[in-house]
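Each ligand, and each atom within it, is numbered from 1 in the order the structure gives.
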Amino acid sequence: MDVLLTGGAGFIGSAVATALSSAGHTVRVLDALLPAVHPHQEPPPFPDGVEFVHGDVRDRETVERALHGMQAVCHQAAMVGLGLDFDDAPDYAGCNDLGTAVLLSAMARARVARLALASSMVVYGEGRYRCAEHGEVVPGPRRPADLDAGRFEPPCPRCGAALSPDLVDESAAADPRNVYAATKLAQEHLASAWARATAGRVFALRYHNVYGPNMPRDTPYAGVASLFRSALARGEAPRVFEDGAQRRDFVHVTDVASANLAAVGALSEQPPGHFRAYNVGSGTVHTIADMAAALAVGGPAPTVTGQYRLGDVRHITADSRRLREELDWRPQVPFATGMREFATAPLRH
Ligand SMILES: NC(=O)c1ccc[n+]([C@@H]2O[C@H](COP(=O)([O-])OP(=O)(O)OC[C@H]3O[C@@H](n4cnc5c(N)ncnc54)[C@H](O)[C@@H]3O)[C@@H](O)[C@H]2O)c1
Ligand SMILES: [Zn+2]
């Protein structure tokens, strides 16, 4: 199939480019090479046959040209991470939501009806929790006073008791807790509206914590795994926020790429108007402290700082059964192997 891959110069996008092209798809990358992630304004090396178009998804004419002759779109382009401060909000909304709207309208005009959308676990906010007394509950945002006092676990919103964290599946209600999360959820809503209005087909892949080679170096927009790796590369101890017991699902970038490959292949079999979300996680739960320790082998041991970021959630771990069952996807890289390799893998720039 001829696939337009937006954001294909990025960390995940470049792995998707490799997976799609190795499987025999024809890939055209569209990427704006955002300066925050591409300070040298150079695309990464792509496999033979992958075409690169330097351009912005917010630009209607660029997108129309890039869509010419394409049969599906794999939309990875986005501004990622928590950002610096609220001043970033217009750029997040512009790249992620205006950009998605421009892309979708151009797809409708070009009659390209298949979309694999990079979504995120951040749409869920706090993961899923159980209270012994009240069953499944949804804790509200954590209060700064609690965080300052080192009370990191969100309490039961009804009785204040301690909660046990659970795996989140796709039926969990969306509850975005920061600007980035709000823009990722809006991308899903736009894509779903597009599918209904134009008989399109969408798979929204909600990636959990992606890690692996070619992660960007630490910037306010980078993920925790790359922050730790960058610190270690400078000979510094990774600085673990809160108490390190935050639970996450770390999924290797090649497994995320194979999820996109599975999605692009299966889109054709879906009925018009179809929208379906899938968690993309490894299926195993680890803490941030586990990850820091796995990366710090041979380097300075992690420091647990007690600091926090207001937009962070405490625990969020995936139930990825739907993706395994419906799209026959299997993550291949176990945590220990992936982290061992990532501990010495190159970071971007
Ligand atoms: N890294 C993770 O852990 C993670 C987790 C969940 C979801 N995601 C999603 O995966 C996708 C890829 O993220 P990544 O980690 O590879 O980030 P990245 O920053 O490495 O890659 C994003 C790419 O998109 C490009 N881009 C951004 N805005 C653009 C625009 N307006 N027009 C054209 N290109 C633009 C950037 O130049 C960059 O090359 C994003 O949609 C992100 O929201 C990532
Ligand atoms: Zn309770």
Side-chain angles (χ1 to χ4, degrees), residues 4-17 29-39 41-44 52-59 62-63 66 74-82 91-103 116-124 129-139 154-164 180-181 183-185 187-188 204-212 214-217 219-227 248-253 256-257 259-260 279-281 316 318 347-349:
L4 177 66
L5 171 61
T6 72
F11 161 52
I12 296 170
S14 50
V16 174
V29 167
L30 173 65
D31 197 299
L33 301 177
L34 286 194
V37 271
H38 301 280
Q41 292 293 290
E42 265 169 39
F52 177 71
V53 177
H54 184 189
D56 199 300
V57 289
R58 289 167 290 184
D59 184 65
T62 306
V63 174
C74 186
H75 183 33
Q76 309 290 322
M79 240 177 103
V80 306
L82 275 186
D91 286 338
Y92 274 102
C95 283
N96 301 0
D97 299 336
L98 174 61
T100 298
V102 170
L103 175 67
L117 172 69
S119 184
S120 173
M121 64 169 188
V122 295
V123 301
Y124 299 118
Y129 292 83
R130 283 190 173 280
C131 170
E133 167 97 21
H134 297 106
E136 194 176 298
V137 290
V138 182
C156 173
R158 295 179 62 188
C159 68
L163 299 173
S164 41
Y180 167 63
T183 64
K184 291 307 287 182
L185 182 61
Q187 286 187 309
E188 287 198 13
L205 301 177
R206 294 174 177 162
Y207 312 157
H208 283 250
N209 281 64
V210 189
Y211 74 99
N214 300 318
M215 260 190 117
R217 265 186 214 293
T219 71
Y221 310 95
V224 60
S226 95
L227 298 181
R248 294 291 186 275
D249 184 319
F250 295 100
V251 58
H252 197 267
V253 66
V256 175
N260 277 280
N279 282 336
V280 184
I316 174 80
L347 295 174
R348 206 161 67 211
H349 306 302

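- In summary, the aromatic rings of His208 and Phe250 are positioned with their centroids too far apart to meet the 6.0 Å limit.
- Counting only heavy atoms from C-beta outward, the side chains of Thr62 and Asp56 never approach each other to under 4.5 Å.
- Contact of the Gln41 side chain with the His54 side chain is registered, since non-hydrogen atoms from C-beta on lie closer than 4.5 Å.
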Would Gln76 and Asn260 count as a side chain to side chain contact (heavy atoms under 4.5 Å, CB included) if you check the C-alpha gap in whole Å, the side-chain angles of each, and the deciding distance to 0.1 Å? CA-CA 10 Å; Gln76 309 290 322; Asn260 277 280; 3.0 Å; yes

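- Among residues two or more places apart in sequence or in another chain, the side chain to side chain contact (heavy atoms under 4.5 Å, CB included) test is passed with Thr100 by His75, Leu104, Gln187, Leu190.
- No side-chain heavy atom of Ser226 sits under 4.5 Å from any side-chain heavy atom of Phe11.
- Looking only at protein N/O/S atoms, the ones less than 2.8 Å from the Zn ion (ligand 2) make 4 in total.
- Looking only at side-chain heavy atoms (C-beta outward), Asn279 and Met121 stay at 4.5 Å or farther from each other.
- Within 4.0 Å of ligand 1, heavy atoms belong to protein residues Gly7, Ala9, Gly10, Phe11, Ile12, Asp31, Ala32, Leu33, Leu34, Val37, His38, Gly55, Asp56, Val57, Arg58, Gln76, Ala77, Ala78, Val80, Cys95, Ala118, Ser119, Ser120, Tyr180, Lys184, Tyr207, His208, Val210, Arg348.
- For Cys156, the side chain to side chain contact (heavy atoms under 4.5 Å, CB included) test picks out Cys131, His134, Val137, Arg158, Cys159, Leu163, with sequence neighbours left out.
- Checked by atom type and distance alone, the side chain of Tyr92 pairs as donor or acceptor with a backbone atom of Gly81 at under 3.5 Å.
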